[in-house]
Amino acid sequence: MAGLTLKNIQKKYPGGFHAVHDVNLEIKDKEFIVLVGPSGCGKSTTLRMIAGLEEISEGELYIGDRLVNDIAPKDRDIAMVFQNYALYPHMTVFENMAFGLKLRKVPKDEIERKVNEAAKILDLSHLLDRKPRAMSGGQCQRVALGRCIVRSPKVFLLDEPLSNLDAKLRAQMRTEISKIHKKLGTTFIYVTHDQTEAMTMGDRIVCMKDGWIQQVDTPQRLYEQPVNKFVAGFLGSPQMNFIDAVLRQDYGQYIVEFGSHDRGGQKYEIIVPEAKVNDELARYVNREIILGVRPESIHDEEMYLSNATTGVIDAYVDLTEMMGAEVYLYLTCQGNNLTARVSPRSTAKIGDQIKVAIDPNRIHIFDKETEKTIVN
């Protein structure tokens, strides 16, 4: 088995386009790491450089202790699963899974043993005689995984493998892939633009934007302690609410103020809790900032409102979405669009004017110019 080291990896294309900038990453042996970010952020290009399908413009790539920059893909001891499965339509499941081993002149009895073992892990034993056209998308995806498993590679690379599946099947396959990773005990590097996949599958997440790594951390730390507004907004569904605000200081307390500057318009205040105060805040007094609030930190329950000492605001209900276990309220407050994730017992209806309370212990504050995090 093997970990990977990416040192100052860059990808520049002819014509000057710089797709990946200065990627430094240590991937541990047996780790499940997810590269996530919007389309065009460089995550698939990074994966293809690890696979050897893209040339590395600058930097060094190590698999284990071996420098592999100039080593052909077939000699890197890695396996790649693509989003379109890339199965041979005229071959059975068994033949598809065995194909790579046959090319390597592996003995027939060993091929049979390895294919049957992989089929058992993937629950494909009853489908070995079928051809891809007679199978579902999820089954085809498992065959594509099986074709890699039989080779016992040091590293699995998965490039958006679930993007062609429907929502129910995607959720099912997320669980399947996580189970397979634990069974095999191999390093997995997984690329997706879907933050739900990233949050539920990865031991660590690499969040990318415009070819740069923004933050590398565990899913929980990325969610609770984003380093900037981009990471805060990208991870989480519905996404974090952002409100233009000003930081004030009064009687030794820091106060986030937002709302209308028009005469007669309502202004609202949130006192920054003592536990969130840091040395950075003093520099931002009387300056514009961005307030970040997750939808689940906006409450409309009477019990919460009656106990709130700060952060209670008036809002109009533009839309409600019943999600079963929760309700999404789409609100407007002094020109700010907000989303709240509340209890299904909520009685708010379209057109209502309601009071909601922002939990001050869960706010984030960002620098308006650099968008870096000041308070988490």
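When reading the values below, keep in mind they use all heavy atoms of this one structure, side chains included, and skip hydrogens, waters and symmetry mates. The shown structure was predicted, so the numbers you read here are calculated from the model rather than taken from an experiment.
Cation-pi check for K368 over F366 is not met; the charged atom does not lie both under 6.0 angstrom from the ring centroid and within 45 degrees of its normal. The side-chain tip of K229 points at the ring of F242 from less than 6.0 angstrom away and within 45° of straight on.
Under the 3.5 Å distance criterion, with hydrogens and angles disregarded, a donor-acceptor pair is assigned to the side chains of D300 and S346. Side-chain contact annotation: E26 with T5, donor-acceptor N/O pair under 3.5 Å present. In this structure, a donor-acceptor pair under 3.5 Å is present between the side chains of N228 and Q214. The closest side-chain donor-acceptor pair between H193 and E160 falls under 3.5 angstrom.
When each of D318, V293, I313 is tested with L338 by the rule side-chain contact (heavy atoms from CB on, under 4.5 Å), just one qualifies, namely I313.
In this structure, H181 and F32 have perpendicular ring planes: the angle between them is above 60°, well past the 30° mark.
Within 6.0 Å of CD in E288 there are 12 or fewer heavy atoms belonging to other residues, nucleotides or ligands.
To the nearest 0.5 angstrom, E224 atom CD is 8.5 Å from T218 atom OG1. With rounding to the nearest 0.5 Å, the separation of CD1 in I111 from NZ in K105 is 10.5 Å. Taken from CD1 in I243 to CD1 in I358, the straight-line distance is 4.5 Å, to the nearest 0.5 Å. In this structure, the separation between CG on L122 and CD on Q139 is 11.5 Å, given to the nearest 0.5 Å.
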